[in-house]
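Worksheet for the structure shown next.
On a predicted model such as this, the values are computed, not experimentally measured, just so you know. This chain uses plain numbering: 1 for the first residue, then up along the sequence.
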Amino acid sequence: MVATSSYSRRLTVMMGRKSAKIANKKGKTDAAKAKLYGKFGKLIAQEARSGGADPSSNGKLKDVLAQAKSAQVPADIIERNLKKAEDKSGGDFSEMVYEAYGPGGTGFIIEALTDNVNRTAAEVRTAVTKSGGKMADSGSVLFNFSRTGLVMVSAEEDEDATFEAAIDAGASDVEPSEEGYRVLTSLEDYASVSSALHDAGIQINAESSGLVYVPLSKVELGDDDVEANETMYDKILDVDDVDAVFSNYL
């Protein structure tokens, strides 16, 4: 009876941890989706405000709308931001890239699209320092990462079919992962590869796809440092103007 009770407690703890991980993963997926939609909303408003809301006469807006459609951004978000562009009093958005060091010697690349650079810089710095990290000089972290295109394919897809379709579309590599298949492309080929896979009926995880920073090598950490880096990652992503965060910890 004692052994059974002990086993039950262990099983309950293990299941609790698993449920927490699943909930945490879902929470991060929802957060990434919200960030993706927010970024496209700002880009749509910016391009429509600067070049007009008619994509037939505004090539940049047409490209952004095509990317938004490929990323499965809801139509109401697109329409809301097209109307938002009619307000000419809104400020222009600037794309910013910040670099930081995390606990245990990790590196962070932070992307933001903001209409107030000073506000965003201050909020990012606060999130980093309060998490035990520190801001880095420009280029001191970035050289450890490669800028590339990433199309995240659902794990439900067949590996051979995904590989063949990706390579035929011009992808540079395909890597299996826990989430599915990471289809890597050059920056120039990302849009065409993503469109080709979508047209082939292959399920794409839009929230995890895009132009990303891939670490050239990863830093192995102990449990405490992993937790500290995850906390730092979450705090940075909580900054309203931050659209994406990349790091090199295992």
Side-chain angles (χ1 to χ4, degrees), residues 24-25 27-29 31-32 34-36 38-40 42-43 46 67 91-152 171-173 175 177-179 182-191 207-250:
N24 187 44
K25 185 175 180 181
K28 287 188 175 182
T29 299
K35 288 289 184 179
L36 180 73
K39 180 178 182 179
F40 272 113
K42 288 182 282 187
L43 287 172
Q46 169 81 346
Q67 293 171 29
D92 290 337
F93 289 99
S94 300
E95 293 187 57
M96 306 299 297
V97 176
Y98 304 96
E99 300 171 52
Y101 296 113
T106 57
F108 280 75
I109 305 295
I110 304 151
E111 288 186 322
L113 189 62
T114 176
D115 59 355
N116 188 321
V117 174
N118 292 334
R119 177 195 67 217
T120 304
E123 291 180 353
V124 168
R125 180 179 296 276
T126 297
V128 169
T129 55
K130 284 192 173 182
S131 304
K134 64 179 181 178
M135 300 302 295
D137 294 332
S138 179
S140 59
V141 174
L142 205 56
F143 81 95
N144 285 312
F145 290 76
S146 173
R147 185 69 162 162
T148 189
L150 169 65
V151 183
M152 197 69 208
S172 55
D173 199 6
E175 302 174 348
S177 73
E178 291 182 0
E179 294 80 16
R182 293 164 50 88
V183 177
L184 303 177
T185 77
S186 66
L187 299 182
E188 297 78 14
D189 291 338
Y190 168 73
E207 302 91 67
S208 301
S209 301
L211 302 183
V212 301
Y213 287 97
V214 177
L216 299 177
S217 61
K218 293 192 175 183
V219 178
E220 188 169 357
L221 301 172
D223 290 344
D224 290 344
D225 279 336
V226 167
E227 185 175 348
N229 275 272
E230 288 181 347
T231 297
M232 179 168 159
Y233 178 97
D234 290 340
K235 284 187 178 299
I236 296 171
L237 202 59
D238 280 343
V239 175
D240 286 342
D241 294 323
V242 169
D243 297 308
V245 181
F246 307 95
S247 188
N248 62 348
Y249 65 88
L250 289 175

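Between Ser146 and Leu216, the shortest heavy-atom contact is CB-CD2, 3.7 Å. Nearest heavy atom pair, residue Asp115 against residue Arg119, reads OD1-NH2, 3.0 Å. For the residue pair Val117 and Met96, the shortest heavy atom distance occurs at CG1-CE, 3.9 Å. When all heavy atoms of Val219 and Gly105 are compared, the pair lying nearest together is CG2-O, 4.0 Å. Closest approach of Val141 to Glu99, counting heavy atoms only: N-OE1, 2.8 Å. Across all non-hydrogen atoms, the minimal contact from Met232 to Gly102 is SD-CA, 3.7 Å.
Panel note: side chain Ser172, backbone Leu184; a donor-acceptor pair is recorded below 3.5 Å. Under a 3.5 Å cut-off, the side chain of Asn248 and the backbone N or O of Gly107 do form a donor-acceptor pair. Here the side chain of Tyr101 pairs no donor or acceptor atom with the backbone of Ala136 at under 3.5 angstrom. The backbone N or O of Leu211 sits less than 3.5 Å from a side-chain atom of Arg147, completing a donor-acceptor pair. Listed for the Lys35 side chain is a donor-acceptor partner under 3.5 Å among the backbone atoms of Val242. No donor-acceptor distance shorter than 3.5 angstrom exists from the side chain of Thr148 to the backbone of Ser186, with no hydrogens or angles considered.
The environment of Lys235 atom NZ is sparse: at most 12 non-hydrogen atoms of other residues, nucleotides or ligands sit within 6.0 angstrom. The environment of Glu220 atom CD is sparse: at most 12 non-hydrogen atoms of other residues, nucleotides or ligands sit within 6.0 angstrom.
One distance of note links CE of Met135 with OG1 of Thr126; it measures 10.0 Å at 0.5 Å rounding. In this structure, CD on Glu95 lies 6.0 Å from NZ on Lys39, to the nearest 0.5 angstrom. Rounding to the nearest 0.5 Å places CD of Glu123 at 6.5 Å from CG of Asp240. Between the CZ atom in Phe93 and the CG atom in Asn116 there is a gap of 10.5 Å [rounded to 0.5 Å]. Considering OG1 of Thr185 and CG of Leu187, their distance stands at 7.0 Å, rounded to 0.5 Å.
In this structure the side chain of Arg182 reaches within 4.5 angstrom of the side chain of Met152, judged on heavy atoms. You'll find the side chain of Leu113 stays beyond 4.5 Å of the side chain of Gln46, heavy atoms only. Annotation: side chain of Phe108 is not in contact with side chain of Tyr98 (no heavy-atom distance under 4.5 Å). Taking 4.5 Å as the limit, every side-chain heavy atom of Ser131 sits out of range of all side-chain heavy atoms of Tyr233.
Using bins of under 30°, 30° to 60° and over 60° for the plane-to-plane angle, the ring pair Phe145/Tyr213 lands in the perpendicular bin.
The residue from Thr106, Asp224, Asp234 that alone fulfils the side-chain hydrogen bond (donor to acceptor under 3.5 Å, both in side chains) condition with Asn229 is Thr106. With respect to Ile110, the side chain to side chain contact (heavy atoms under 4.5 Å, CB included) criterion is satisfied by exactly one of Val239, Val124, Thr120, Val97: Val124.
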